[in-house]
There are 4 protein chains.
Amino acid sequence: MKGSNTKDQIIAEASKLFLDEGYEMISMRKIATKVGCSPTNLYRHFQNKEDILLVLLERGYSVFLSYIQQAIDQNKELEFRIKLKQALKSYVNFGLENKEYYQLMFIRNFEHFDRVVIGESDRMKGFNLLANLIQEGMEKGLVKGDIEVISQSLWGLIHGITSLLITFKNSFHWTNEQSLIDFHVDTYLKGLLK
Amino acid sequence: MKGSNTKDQIIAEASKLFLDEGYEMISMRKIATKVGCSPTNLYRHFQNKEDILLVLLERGYSVFLSYIQQAIDQNKELEFRIKLKQALKSYVNFGLENKEYYQLMFIRNFEHFDRVVIGESDRMKGFNLLANLIQEGMEKGLVKGDIEVISQSLWGLIHGITSLLITFKNSFHWTNEQSLIDFHVDTYLKGLLK
Amino acid sequence: MKGSNTKDQIIAEASKLFLDEGYEMISMRKIATKVGCSPTNLYRHFQNKEDILLVLLERGYSVFLSYIQQAIDQNKELEFRIKLKQALKSYVNFGLENKEYYQLMFIRNFEHFDRVVIGESDRMKGFNLLANLIQEGMEKGLVKGDIEVISQSLWGLIHGITSLLITFKNSFHWTNEQSLIDFHVDTYLKGLLK
Amino acid sequence: MKGSNTKDQIIAEASKLFLDEGYEMISMRKIATKVGCSPTNLYRHFQNKEDILLVLLERGYSVFLSYIQQAIDQNKELEFRIKLKQALKSYVNFGLENKEYYQLMFIRNFEHFDRVVIGESDRMKGFNLLANLIQEGMEKGLVKGDIEVISQSLWGLIHGITSLLITFKNSFHWTNEQSLIDFHVDTYLKGLLK
DNA sequence: GATGAATGAGATTTCATTCAT
DNA sequence: CATGAATGAAATCTCATTCAT
């Protein structure tokens, strides 16, 4: 397989630590300790601490894209409402199954890091897939309104439930996750679709 | 006239800095520089850095509660749908008009700080006001379903749009804020209410 | 009475704190807190922290002298051995009854403070009283040897037991204090005197 | 060859500084300056300032034990009085030849540091060697009395002269050290032994 | 006789990072 | 591929002390 074992380990430990305690609270030494190597060694695999984050973000974007892509591909032939619902649910599931990534990508904002560029990322591609879906719905006469407004509202819808479930996972008595998500999306779509 | 001017200045500058760069990135020195006093002097007014955050959180909770309370009081006699919509909008408006507070209260999670207790806070009281409203709607037969599921879904709805508008305020081409929020809430309520 | 009440309180609290935690560990703020006044106020009564110590030392010397003087005066007419024993015991008793003073005077060494001068102090007068006693014993033919050697050895004898009882008062299982001191002095005097 | 040179240097400089100015007065920066390295580097070799002290104490206890052990071993076959005298003198000599250690071990009291545990230390083993010697004397009928009282008195005897010679080494006109110690011990033993 | 506001200096400690090996 | 030794910068925080009132 390609990629050194150590590098993957670093990524794995760093992403967990970043989620649990926050990027700024995690020192290179803490990562090294978890991995079981020397701090110096981290620099053999990454230019610096920011670089670890960037690699994490890129991986996250890529996984995110694959979630959305897969949902769309698998339901291509189905009814629009179902297709849309599945796409939205796959967004939420990406977040819940990849909390570390989701937090770094959508809850925190690292755009003050010069090297974090969003426009060109797979993240944007994921959005565009959703937007295309809305576009399709509008062409079919199933959705009405400004496509930008609708897209942004939809993002708000699914980001809200995803981010709350991640950020306050331990400090709130949540009802059953999947029922909640189903209700959440269904209710909104009932209002959105003809 | 009484009440130290410096203390208020510290709070004001700290909350801005915390929003822009994140709590961890802000040092006591940076705050002191902005305020125009010595770092030592901060410790006259606050026990430590965490204490500044706690005061900010408390103020935020209090302002939050007043937003929700006011929305409910002012629309007491109106139709349920309007009352609910106004309450939801006042949540979003609280966030957009108090970005620093909203970020600290709902986007970040400081519950690992021992002294941050949520259950007893005004934040919880704000939630309960919303929950009571749902309860009222259920009693009137206008809303159906599990009250917990509905409340949590509603929170996700409004938190999503609020937090995105705050976190990515500079890195995304948002449509007109108020139209977006209106569409967001209206669409969902169309699905939720009879 | 002369002397402000606050000044005496400061001295009382400071000496206790200095004994328990050590001069360096005690801050002006801690003293002020114990006394129940503002740190600034301490400077109305003492030039600075060192000054508090100096006043304590002076008081300690003075009390020390009175202990020794009294022992000698009260036993002037008695047999030499008893006179000497009482003087030695009064040294130990001074220490045990004034642990704070004893520690500052004889266990710590503050001579690196310019203003601490020993030669001229009451401490030296106390020593001289003991030395005079030895002198008397030699003239009576009851003690033989170099007076300096004898004085210094005697000081070591009583300082040893006193300082151990103070320094390790909580961390050692001491036998009955007075029996120990009696045995200590008696054994030595049996060897010293004819 | 192995074993960092820097670590030994730190220990050497720190112990001298601690003796001269007191543990609390010595900052990590001062130690680093003396050693000729950066303050940060001290933390490569010791967890923190307290840790330096603990290492010093441990080394001190170990050297102390070896002094006492050696004195006893070397005089095993000699007359009891000589054996005891040599043991007592080796205690004093340990102090005078290792003033830094002696001060930290016997003059200061660091038992408020959690990690300083005395019961299990080599210091206690040293004491026990002396106590065993007394026991032997009692069995031979050469010493009479309560063994605890005698041990504690003996400790006071030798601690007194040792600590005075260390604490006031520069501020008192001492007679010849070895004659003083000989006289001190001889006089006491004359009273103690049959 | 007392205090609140303020400060410069310095304490311990941790950080990301580099360099020689 | 890896590490031990080292560092400059900066973090939080406490200190003794002063000044205006």
Side-chain angles (χ1 to χ4, degrees), chain A residues 4-7 10 23-32 35-53, chain B residues 2-7 9-10 23-32 35-52, chain C residues 4-7 10 23-32 35-52, chain D residues 2-7 9-10 23-33 35-52:
Chain A
S4 87
N5 192 13
T6 304
K7 184 160 186 168
I10 294 170
Y23 174 73
E24 291 84 358
M25 294 305 293
I26 298 306
S27 69
M28 294 297 263
R29 192 164 304 202
K30 278 185 195 163
I31 300 173
V35 171
C37 71
S38 74
T40 315
N41 200 13
L42 300 183
Y43 290 89
R44 290 198 60 73
H45 300 281
F46 299 90
Q47 280 180 31
N48 50 34
K49 190 182 165 188
E50 189 180 318
D51 199 36
I52 299 182
L53 175 65
Chain B
K2 80 172 179 181
S4 153
N5 190 16
T6 304
K7 185 161 187 168
Q9 257 183 284
I10 294 171
Y23 175 74
E24 291 84 359
M25 293 304 293
I26 298 306
S27 69
M28 295 300 260
R29 212 177 300 201
K30 280 184 195 166
I31 299 173
V35 171
C37 71
S38 74
T40 312
N41 200 16
L42 299 183
Y43 290 91
R44 276 192 46 71
H45 299 282
F46 299 91
Q47 280 182 30
N48 50 35
K49 190 182 164 187
E50 189 180 318
D51 199 36
I52 299 182
Chain C
S4 87
N5 190 12
T6 304
K7 186 161 184 167
I10 294 170
Y23 174 74
E24 292 83 359
M25 293 305 292
I26 299 305
S27 68
M28 294 298 262
R29 191 163 307 203
K30 278 185 196 163
I31 299 173
V35 171
C37 72
S38 74
T40 314
N41 200 14
L42 299 183
Y43 290 89
R44 291 196 60 73
H45 300 280
F46 299 90
Q47 283 180 28
N48 50 34
K49 191 182 165 188
E50 189 180 318
D51 199 35
I52 298 181
Chain D
K2 82 171 177 182
S4 153
N5 190 17
T6 304
K7 185 160 186 168
Q9 257 183 284
I10 295 170
Y23 174 73
E24 291 85 358
M25 294 304 294
I26 298 306
S27 69
M28 295 299 262
R29 214 176 298 200
K30 280 185 195 164
I31 299 174
T33 302
V35 171
C37 71
S38 74
T40 313
N41 200 17
L42 298 183
Y43 290 88
R44 274 193 48 70
H45 300 282
F46 299 90
Q47 280 181 30
N48 49 36
K49 191 182 162 188
E50 190 180 319
D51 200 36
I52 299 183

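Since the model is a prediction, treat every value here as computed from it, not as a measurement. Below, chains carry the letters A, B, ... as their sequence lines are ordered, and counting in each starts from 1.
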Atom-to-atom span, [atom1] of [X] to [atom2] of [N] - whole angstrom:
X: A:D51; N: E:dT18; atom1: CG; atom2: P; result: 12 Å
X: A:N48; N: E:dT18; atom1: CG; atom2: P; result: 8 Å
X: B:I31; N: F:dA10; atom1: CD1; atom2: C1'; result: 15 Å
X: A:R44; N: E:dT21; atom1: CZ; atom2: C1'; result: 12 Å
X: B:K49; N: F:dC13; atom1: NZ; atom2: C1'; result: 12 Å

Item to complete: Give one of base, sugar-phosphate or nothing for D:I26, where a contact means two heavy atoms less than 4.0 Å apart.
Response: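 D:I26: backbone/sugar contact only, no base atoms under 4.0 Å.
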Discussion item. On DNA chain E, compare the nucleotides closest to A:M28 and C:G36; which residue's is nearer the 5' end?
Written reply: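 Whichever sits nearer the 5' end wins; that is C:G36.
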Worksheet item: Is the base of F:dT18 touched by the side chain of C:T40 through a donor-acceptor pair closer than 3.5 angstrom?
Response: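 Per atom types, the contact qualifies.
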Worksheet entry | Earlier contact from the 5' end, DNA chain F, for A:N41 and B:R29 |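 The residue whose closest nucleotide sits nearer the 5' end is A:N41.
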Item to complete: Quick one: look up who E:dA2 pairs with, Watson-Crick or G-U, both distances under 3.5 Å, and put none if it's unpaired.
Response: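 Base partner found: F:dT21.
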Worksheet item: Which base, if any, makes a Watson-Crick or G-U wobble pair with F:dC15, both distances under 3.5 Å?
Response: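 Answer to the pairing question: E:dG8, which forms a Watson-Crick or G-U pair with F:dC15.
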Worksheet item: Nearest to the side chain of A:S38 - E:dT7, F:dT3, E:dT17?
Response: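 Nucleotide nearest to A:S38's side chain: F:dT3.
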Fill in: Shortest side-chain distance from D:P39, nucleotide among F:dT12, E:dT7, E:dT13
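It is E:dT13.
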Item to complete: For the residue pair B:M25 and A:Y23, establish whether any side-chain heavy-atom pair is separated by less than 4.5 Å.
Response: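 No. Closest side-chain heavy atoms not under 4.5 Å.
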Practice prompt. Starting at CD1 of D:I52, measure out to CD1 of D:I31 and round the result to the nearest 0.5 Å.
Written response: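 The distance works out to 4.0 Å.
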